[in-house]
Amino acid sequence: MKEPTLKPSRPFFASGPCAKRPGWSVDALSGAFLGRSHRSSLGKARLHEVIEKSRAVLGIPSDYRVGIVPASDTGAVEMVLWSVLGARGVDMLAWESFGAGWVTDVVKQLKLTDVRQLEAEYGALPDLSQVDPARDVVFTWNGTTSGVRVPNGDWIRADREGLSICDATSAAFAMDLPWDKLDVATWSWQKVLGGEAAHGMLVLSPRAVARLESYAPPRPLPKIFRMVKAGKLNEDIFKGSTINTPSMLCVEDALDGLRWAESIGGLRELLARSRRNLAVLSDWVERTPWVEFLAKDPAIRSSTSICLSLVEPWFLALPKDARMAHVKKLTGLLEKKDVAYDINSYVDAPPGLRIWGGGTIEASDLEALTPWLDWAYSETRQA
Ligand SMILES: Cc1ncc(COP(=O)(O)O)c(C=O)c1O
């Protein structure tokens, strides 16, 4: 096969940290609020702006709290698991490694006993109809390492008694999130809007706040997990008074991403861009015999972390180590050509490709990428 000539204009297809928005340069940070206290009125105003812009773009109801918390999405999820679980039984959903990590936390670290684990293999979803509305439920909206997402929130009952706790880090700003079905949602800046890592976003419904104020977990909570003061939610966290010191450089970058989102038409256009990106790869997969989606069912297929399997018999006949080595060779070749960076599947996932399709990616770059994928496959296969 002849080596293609046209390269993607930006070879950044990693699933986190994700590509910056089109046109981004460090100049976007020139107005950052640096060398000043984040607790000054101007500093707090910047943090509050992140909160309110996030609320506006995502359509989060006005009676939901939105806060900036330490330690990225992981920090946001952990502080909630530690603060609210144990009040009732919990259903833990997992179908890839991040969901599995939350199961480990709940079973091995929190050592909760009334836990049901509803799990599925890479490429599939557990049976969502098994979720019990009398119990809490913890799940990822989009499983970043398998490219499998929940299709919608219909399986979460409006009259649930438990809390629905959603790790939405690779879904927020790319997929429709039904806020009436979510009591807790989290994400990190480094995902769909291409911000910098460091801080997490935490959304709490009024029911989640009621749980925090009525349930004192029987365990010590480190300072960076504590959201309740004298039995009341610490509202300051949700107005921009962060628990500890944030990076105002990262804050500026998060604002840049949000301003860009607003400038292109908000959530509707972000979702449309991600759908178009998935469509480009779907068209290519359909006409390409050596590759298939890891998620067989289109209804649960991610439009952000798009996971693909190599399916020709010679490849499938190899032991796992050799399949991993082969994929590494293929992706290494693309990296060397500056065509695609970081598109190897996640270490725990079946060996294959994972290509980011969130809104900061241009569909034209994915179109330019596909002939290169065919070329790299053909080159490495021959070798
Ligand atoms: C579903 C999911 N949860 C949690 C995380 C961890 O996010 P962070 O490293 O921002 O804490 C990731 C990162 O890729 C993720 O994809």
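Order of appearance sets the numbers: ligands from 1, and atoms from 1 within every ligand. Not measured: the values here are computed from a predicted model.
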Fill in: Other cluster members, Tyr122 - Ile/Leu/Val/Met/Phe/Trp/Tyr, side-chain contacts below 4.5 Å
Leu294

Item to complete: Establish, from distance only, whether the side-chain atoms of Ser170 and Ser305 form a donor-acceptor pair under 3.5 Å.
Response: no

Worksheet item: Can you find a side-chain donor-acceptor pair between Trp141 and Asp167 that sits under 3.5 Å?
Response: no

Report all N/O contacts between ligand 1 and the protein shorter than 3.5 Å as a table of atom names and distances to 0.1 Å; if there are none, say 'none'.
from, atom 1, to, atom 2, distance (Å)
ligand 1, 3 (N), Asp73, OD2, 3.3
ligand 1, 3 (N), Asp167, OD2, 2.6
ligand 1, 10 (O), Ser72, OG, 2.5
ligand 1, 10 (O), Ser188, OG, 3.1
ligand 1, 10 (O), Gln190, NE2, 2.8
ligand 1, 11 (O), Asp73, N, 3.3
ligand 1, 11 (O), Thr74, N, 2.8
ligand 1, 11 (O), Thr74, OG1, 2.5
ligand 1, 14 (O), Lys191, NZ, 2.5
ligand 1, 16 (O), Thr144, OG1, 2.4

Practice prompt. Applying ring pair (Phe, Tyr, Trp, His ring centres under 6.0 Å), name anything that partners Tyr64, two or more places apart in sequence or on another chain.
Written response: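 With neighbours one apart ignored, the set is empty.
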
Worksheet item: Is the shortest side-chain N to carboxylate O distance from Arg276 to Glu367 below 4.0 Å?
Response: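 Salt bridge between Arg276 and Glu367, a charged N being under 4.0 Å from a carboxylate O: no.
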
Worksheet item: Considering residues at least two apart in sequence or located in another chain, which fulfil the salt bridge (charged side-chain N to carboxylate O under 4.0 Å, His left out) criterion with Asp136?
Response: Arg211

